[in-house]
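Inspection log for the structure reproduced underneath, given as structure tokens.
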Amino acid sequence: MCGIVGYVGKEEAAPLIYGSLGKLEYRGYDSAGMACIANGSIVCKKDIGLLEEVDRRNHLVDMPGKTGIGHVRWATHGSVNQTNAHPHRDCKNKIAVVHNGIIENYKELRAALSLRHKLVSETDTEVIPHLIEEEMEKGESLETAVLHATQQLKGSYAFLAISTEAPGKIAGARKDSPLVVGLGEDGSYATSDSYAFPAQVRQYAFIDEGEVIVLDQGGISFLDSSGTPRQKEFLPLKISSDAVDKAGYDHYMLKEISEQPETLRCSLIQDKNYFTELAMDILRAKQVVITACGTSRFAALVGRYLFSKVSKKFCDVIMSSEFHYFADSVDAATLVIAVSQSGETADVMEGVKRAKEKGATTLSIVNRPDSLLARISDKVIHINCGPEISVAATKSFTNQLAVFYLLAYSMVNKYDWAVERLRDISYNMFYSINGHGHQIKNIAEILADRKDFYYIARGINYAIASEGALKLKEVSYIHAEGMPAGELKHGTLALIEKGVPVVAICPNDYTFDEMLNNIAEAKARGGVIIGVSDRFDPIYDHWIKINQVEEIFYPLVTVVPLQQLAYYLARCCQHNPDKPRNLAKSVTVK
Ligand code: AGP
């Protein structure tokens with residue numbers, strides 16, 4: 001879950017690499033580092049902390065050299081300290097490597113290499129520069145050394161290597177971790193994510209597994225797994241830089257919450273015939289299993305409800321990290337729907353690979369158009385919410401929901417009707433987001449000292465209660481639980497005492513009366529009730545008034561104030577909601 005960048009060209013590498021690393025911090029932000037080649041030597045600076053902090057202490061952007069690599073880390077192997085930060089180097093400080101992924105056979109490799117090399121960190125990555133060192137000492141070029149090194153690695157990797165023996169060159173490779181290359185007028189770039197390319201990059205290309213890339217002053221070349229050069233198609237890069245900056249907001253999270261009316265409309269840019277075809281696939285499948293993690297799983301739970309309620313098609317949702325324990329039940333007559341914003345979550349990827357092995361048909365619902373998941377699935381739906389930078393998923397969630405509405409209504413030939421309803425909801429959302437901010441901020445200020453929050457709902461909104469609780473935990477570090485309101489009395493009610501906030505999602509629908517009963521039970525124990533509803537009741541201590549919509553669409557309007565509540569509570573607790581501790585946006589480890 002790290003981000004890597006490389007640049008070779010006419011310009012000083014450090015400021016360009018630094019700019020790109022800033023856009024990759026969503027992938028990891030516990031340490032950062034860069035290595036450049038200047039005057040025949042490797043200059044390497046790395047440290048713990050956010051990229052900006054590392055730069056403040058070490059002046060990363062001032063590093064000289066026109067060839068360089070950089071890294072932002074989310075620690076997997078080895079604690080967060082300066083030695084374990086990337087880049088890692090060989091014994092003679094002639095080779096430097098940045099890596100994203102996990103080298104599964106690193107213990108064996110370290111044991112063997114330690115007999116001849118000095119390894120200083122606790123990381124899996126450190127084996128790579130030493131493997132390259134051994135190859136280059138045999139007289140191999142940097143790219144051949146990289147190729148031979150990859151033949152000894154097991155696990156997942158995307159890495160870039162530089163060497164003083166080849167000062168104007170970067171070589172790299174990938175397996176199960178993302179890496180793309182881009183051509184600009186000033187030079188050649190490689191990065192974990194095409195969002196991180198600077199504006200001058202107009203064309204980019206994917207790197208296939210087993211390929212080695214070489215970036216030098218002449219451009220970018222590709223070698224296949226036997227070392228033979230191969231031609232590659234470059235694609236035009238169409239990312240607006242506005243989409244990846246904060247546009248005046250304090251945080252990406254708030255910006256992305258506010259974008260939802262517009263992004264929801266983008267989710268509707270779909271091909272109706274394709275959805276009809278997908279609806280037939282769902283209806284025909286002997287069984288349908290949806291797999292996802294975190295927020296995407298809560299979207300899947302809403303999807304399950306919609307399939308059942310609208311299209312009378314029962315399906316199950318299995319969290320991807322548990323998928324392989326159910327793989328025995330997956331067969332060629334199964335349709336597996338994988339939901340993932342990033343399209344690179346390791347657990348989801350693993351589930352889909354398992355499903356394919358079992359002969360199942362796979363459909364992925366993704367945001368990142370060029371993601372690994374999109375590329376391995378039989379069919380893909382793009383949710384089109386644009387870059388989501390904040391670690392907390394917000395706009396991707398509502399767009400995932402929209403896609404589930406479209407699928408469910410396609411199954412009953414009401415695609416156009418659903419599009420119209422969703423468009424109406426997007427206007428509703430706009431008024432709600434702009435009207436609620438101040439009130440929710442006040443509620444957050446009042447409740448910021450509470451240690452536990454409980455979120456309750458019934459029916460289709462149960463998943464929204466869970467999502468509200470996840471959002472709060474993730475960005476404010478306050479303990480929270482979301483559950484069906486009817487479950488409260490089966491245990492959790494024991495934890496409700498004076499002053500404990502209970503967020504009750506109780507739209508004015510078929511759940512309202514029973515919700516009020518459950519709320520009364522919590523209130524009787526001293527709970528502070530935050531009612532998220534279009535219907536007032538004096539039992540609420542705080543009423544967040546939502547707009548009335550057709551009852552099946554309530555999740556789209558109930559979730560937004562919960563996102564805002566999490567955001568403002570994080571602010572009150574003085575946490576950066578965009579970079580929660582211990583987390584990263586793309587979870588590429590199992
Ligand atoms: C959501 O706020 C979280 N950051 C997290 O639960 C996320 O939804 C999960 O890791 C799945 O990510 P994906 O959608 O990219 O697969």
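This one's a predicted model, so the numbers in the text were calculated from it and none came from an experiment. Counting starts at 1 for both ligands and their atoms, following the listed order.
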Does either side chain, that of Gln563 or that of Gln260, offer a donor lying less than 3.5 Å from an acceptor on the other one?
yes

Can you name the residues that form a salt bridge (charged side-chain N to carboxylate O under 4.0 Å, His left out) with Lys358, not counting sequence neighbours?
none

Mind checking what makes salt bridge (charged side-chain N to carboxylate O under 4.0 Å, His left out) contact with Arg450, not counting sequence neighbours?
none

At a 4.0 angstrom heavy-atom cut-off, what protein residues surround ligand 1?
Cys293, Gly294, Thr295, Ser296, Ser340, Gln341, Ser342, Thr345, Val391, Ala392, Ala393, Leu470, Lys471, Glu474, Val587

Donor on one side chain, acceptor on other, Lys545 and Ser432, under 3.5 Å
no

Quick one: salt bridge (charged side-chain N to carboxylate O under 4.0 Å, His left out) partners of Arg304, sequence neighbours excluded?
Asp316

Pair Arg368-Ser342, side-chain donor/acceptor within less than 3.5 Å
no

